[in-house]
Amino acid sequence: ITRFAPSPTGPLHLGHAYSAILAHDMARAAGGQFLLRIEDIDRQRSKPEWEAQIYEDLRWLGLSWAGPVLRQSDRLTIYRPTLENMWEQGLLYACTCSRRDIEAAAAAPQEGVPVGPDGIVYPGTCRARGARRPGQPLPQAALRLRMDLAARDCSFEEIGPAHRGLQRITRAQMIRDVGDIVLARREMGTSYHLSVVLDDAAQGITHVTRGEDLFEATSIHVTLQKLLELPTPTYCHHKLIRDENGKRLAKRDNARAIAKYRAEGATPADIRRLVGLIPSA
């Protein structure tokens, strides 16, 4: 069971097409299922017109998915009980630091700012002052995970070309190189890391196919899976589709939007050829 999980914050481009086709074809080749999820927890940037175009683009590419589409915005009440349970267990704390606060605290007194897969490794400023007090309900604030309590040695299987084989994650690595990640943002009530882990489990995903840029974040997701006693899928992190200057494609790169290629007369086979899934003539 594979999935494609785009955010409706802009047009799908060639990189999205590559990822979706890989996940779709992997499932079909194994006699499995390909599922679609709309990751729209960022309500300010998510737009219904972009979501509608996602469906249109995927159907034009010849991709079909099983069952109803899962939309993260419909699952906010599902995420909250998990956060409440973690809060009660003392695994979370409230954080009021701004990005500038974190940069200043992380940079002093040592030189440089330590950066992990979730950005700057949080220096722990709010760990004591934001901790749960007896009887205190889940606060309306950013909530960070105490990695020193959550992490444990674990592993996952990677079948992507760059990191093939068993990938081991140590508790020490998570504490040192990842730190206390945000599991719920005040304006969202959740975070990408928490939602993706809970959603993959809810959809029964067995194989996660996604870009190489998310490989480092997988240590976070596997740590959460172990902590929450959820299954760990097999991961396949694929190459990134880049422009002629070697820069990875972004949603603002409308020149490579699938809809633009379609409007110019391209075929689905042309898209597969452009991303290297079938040989050029």
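Start at 1 with the first residue, then count along the sequence.
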Engineer: Is a side-chain donor or acceptor of Arg171 paired with a backbone partner of Asp148 at a separation under 3.5 angstrom?
Structural biologist: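 Side chain of Arg171 to backbone of Asp148: a pair is present.
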Engineer: State, to 0.1 Å, how close Pro139 and Ala94 come at their nearest heavy-atom pair, and which atoms those are.
Structural biologist: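 It is CG-CB, 4.0 Å.
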Engineer: Indicate, with yes or no, if Ile120 and Ile175 share a hydrophobic cluster defined by side-chain heavy-atom contacts under 4.5 Å among Ile, Leu, Val, Met, Phe, Trp and Tyr.
Structural biologist: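 No; Ile120 is not reachable from Ile175 via cluster members.
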Engineer: Is Asp180 salt-bridged to Arg146, cutoff N-O under 4.0 Å?
Structural biologist: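 No salt bridge links Asp180 with Arg146.
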Engineer: For residues Met26 and Leu240: do they belong to one hydrophobic cluster (side chain heavy atoms under 4.5 Å, members Ile, Leu, Val, Met, Phe, Trp, Tyr)?
Structural biologist: no
Engineer: Just wondering, are more than 12 heavy atoms of other shown residues or ligands nearer than 6.0 Å to CZ in Arg168?
Structural biologist: no
Engineer: Which residues pass the side-chain hydrogen bond (donor to acceptor under 3.5 Å, both in side chains) test with Glu88, not counting sequence neighbours?
Structural biologist: Arg132
Engineer: Run the numbers on Asp200 and Arg37 for salt bridge (charged side-chain N to carboxylate O under 4.0 Å, His left out), then give the verdict.
Structural biologist: CA-CA 10 Å; Asp200 282 342; Arg37 177 162 77 231; 2.9 Å; yes
Engineer: Hey, is the main chain of Gly15 close enough, under 3.5 Å, to the side chain of Ser19 for a donor-acceptor pair?
Structural biologist: no
Engineer: Between Trp87 (side chain) and Gln136 (backbone), is there a donor-acceptor pair under 3.5 Å?
Structural biologist: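 Yes; judged by distance alone, with no hydrogens or angles, the pair exists.
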Engineer: Could you check whether Asp25 pairs with Arg28 (Lys NZ or Arg NE/NH1/NH2 to Asp/Glu carboxylate O, under 4.0 Å)?
Structural biologist: no
Engineer: Carefully, step by step, assess Tyr122 and Ile102 under the rule side-chain contact (heavy atoms from CB on, under 4.5 Å).
Structural biologist: CA-CA 7 Å; Tyr122 185 66; Ile102 295 170; 3.8 Å; yes
Engineer: If Ile, Leu, Val, Met, Phe, Trp and Tyr residues are connected whenever their side-chain heavy atoms lie under 4.5 Å apart, and connections chain through other members, are Tyr79 and Val69 in the same group?
Structural biologist: no
Engineer: Do Glu56 and Arg262 meet the salt-bridge criterion of a basic N to acidic O distance under 4.0 Å?
Structural biologist: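 Looking at Glu56 together with Arg262, the answer is yes, because their closest N to O distance falls below 4.0 Å.
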Engineer: Heavy-atom count check: over 12 atoms from other residues, nucleotides or ligands less than 6.0 Å from Arg186 CZ?
Structural biologist: no
Engineer: Under 4.5 Å between side-chain heavy atoms, counting indirect links through other Ile/Leu/Val/Met/Phe/Trp/Tyr residues: same cluster for Met188 and Trp50 or not?
Structural biologist: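 Unlinked, Met188 and Trp50 end up in two clusters.
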Engineer: Hey, are Arg80 and Glu84 close enough for a salt bridge, meaning a charged N less than 4.0 Å from a carboxylate O?
Structural biologist: yes
Engineer: Do the side chains of Ile181 and Phe215 join up, straight or via other hydrophobic residues, at under 4.5 Å, putting them in one cluster?
Structural biologist: yes
Engineer: Counting only heavy atoms from other residues, nucleotides and ligands, does the tally under 6.0 Å from CD of Glu49 exceed 12?
Structural biologist: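 Buried by this count: over 12 neighbours within 6.0 Å.
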Engineer: Distance-only, no hydrogens or angles: does the Glu158 side chain make a donor-acceptor pair with backbone N or O of Gly160 under 3.5 Å?
Structural biologist: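 Such a contact is found between Glu158 side chain and Gly160 backbone.
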Engineer: Do you know the tightest heavy-atom contact between Arg59 and Trp65?
Structural biologist: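 That would be NH2-CZ2, 3.8 Å.
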Engineer: Taking all atoms of both residues into account, what is the closest heavy-atom pair of Val121 and Val115, and its distance?
Structural biologist: CG2-C, 4.1 Å
Engineer: Between His24 and Phe4, is the gap from one ring center to the other below 6.0 Å?
Structural biologist: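 Between His24 and Phe4, the centre distance exceeds or equals 6.0 Å.
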Engineer: Using every non-hydrogen atom in the two residues, find where Ile41 and Ser191 come nearest and quote the distance to one decimal.
Structural biologist: CD1-C, 3.7 Å
Engineer: Where do Ile1 and His207 land on the side-chain contact (heavy atoms from CB on, under 4.5 Å) test, with the steps shown first?
Structural biologist: CA-CA 6 Å; Ile1 303 176; His207 291 70; over 6 Å; no
Engineer: Under the side-chain contact (heavy atoms from CB on, under 4.5 Å) test against Glu51, which residue among Pro8, Ser46, Pro6 passes?
Structural biologist: Pro8
Engineer: Donor-acceptor pair, distance only, cut-off 3.5 Å: does the side chain of Glu187 make one with the backbone of Arg185?
Structural biologist: no
Engineer: Name each donor-acceptor pair under 3.5 Å that joins a side chain in residues 219-228 to protein atoms two or more places apart or in another chain, with its distance.
Structural biologist:
unit_1 : atom_1 : unit_2 : atom_2 : d
Ser219 : OG     : Glu216 : O      : 3.0
His221 : ND1    : Arg210 : NH1    : 3.4
His221 : ND1    : Arg210 : NH2    : 3.1
His221 : NE2    : His193 : ND1    : 3.0
Thr223 : OG1    : Ser219 : O      : 2.8
Gln225 : OE1    : Thr232 : OG1    : 2.8
Gln225 : NE2    : Tyr235 : OH     : 2.9

Engineer: Does Tyr261 reach the side chain of Asp270, with side-chain heavy atoms less than 4.5 Å apart?
Structural biologist: no
Engineer: Over 60° means perpendicular and under 30° means parallel, so classify the ring planes of His238 and Tyr18, tilted if in between.
Structural biologist: perpendicular
Engineer: Does a salt bridge link Asp199 with Arg3, judged by any charged N lying under 4.0 Å from a carboxylate O?
Structural biologist: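 A salt bridge is absent here (no side-chain N lies under 4.0 Å from a carboxylate O).
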Engineer: Whether the Thr82 and Asn85 side chains hold a donor-acceptor pair (N or O, under 3.5 Å, no angle test) is what I'd like checked.
Structural biologist: no
Engineer: Going by heavy atoms in the side chains, are Leu83 and Leu183 under 4.5 Å from each other?
Structural biologist: yes
Engineer: Is it the case that Asp153 and Thr170 place a side-chain donor and acceptor less than 3.5 Å from each other?
Structural biologist: no
Engineer: Side chain of Arg256, backbone of His13: donor and acceptor closer than 3.5 Å?
Structural biologist: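 Flag not set: sc Arg256 to bb His13 has no pair under 3.5 Å.
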Engineer: Within a strict 4.5 Å, meaning less than it, do heavy atoms of the Leu14 and Ile271 side chains meet?
Structural biologist: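 Yes, their side chains come closer than 4.5 Å.
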Engineer: Can you check whether Glu39's main-chain N or O pairs, donor with acceptor, with Ser7's side chain at less than 3.5 Å?
Structural biologist: yes
Engineer: How about CD on Glu157, more than 12 heavy atoms from neighbouring residues, nucleotides or ligands closer than 6.0 Å, or not?
Structural biologist: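 Yes, because the 6.0 Å sphere around CD of Glu157 holds more than 12 heavy atoms from other groups.
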Engineer: For the residue pair His237 and Gly211, what are the closest heavy atoms and their distance?
Structural biologist: CD2-O, 3.3 Å
Engineer: Given Leu194 and Val197, is the side-chain contact (heavy atoms from CB on, under 4.5 Å) satisfied, shown in steps?
Structural biologist: CA-CA 5 Å; Leu194 180 67; Val197 165; 5.8 Å; no
Engineer: Check the pair Leu145 / Met174 against side-chain contact (heavy atoms from CB on, under 4.5 Å), numbers first and verdict last.
Structural biologist: CA-CA 12 Å; Leu145 176 68; Met174 295 302 295; over 6 Å; no
Engineer: Considering non-hydrogen atoms only, spot the tightest contact between Ala23 and Thr2 and give its length.
Structural biologist: O-OG1, 2.8 Å
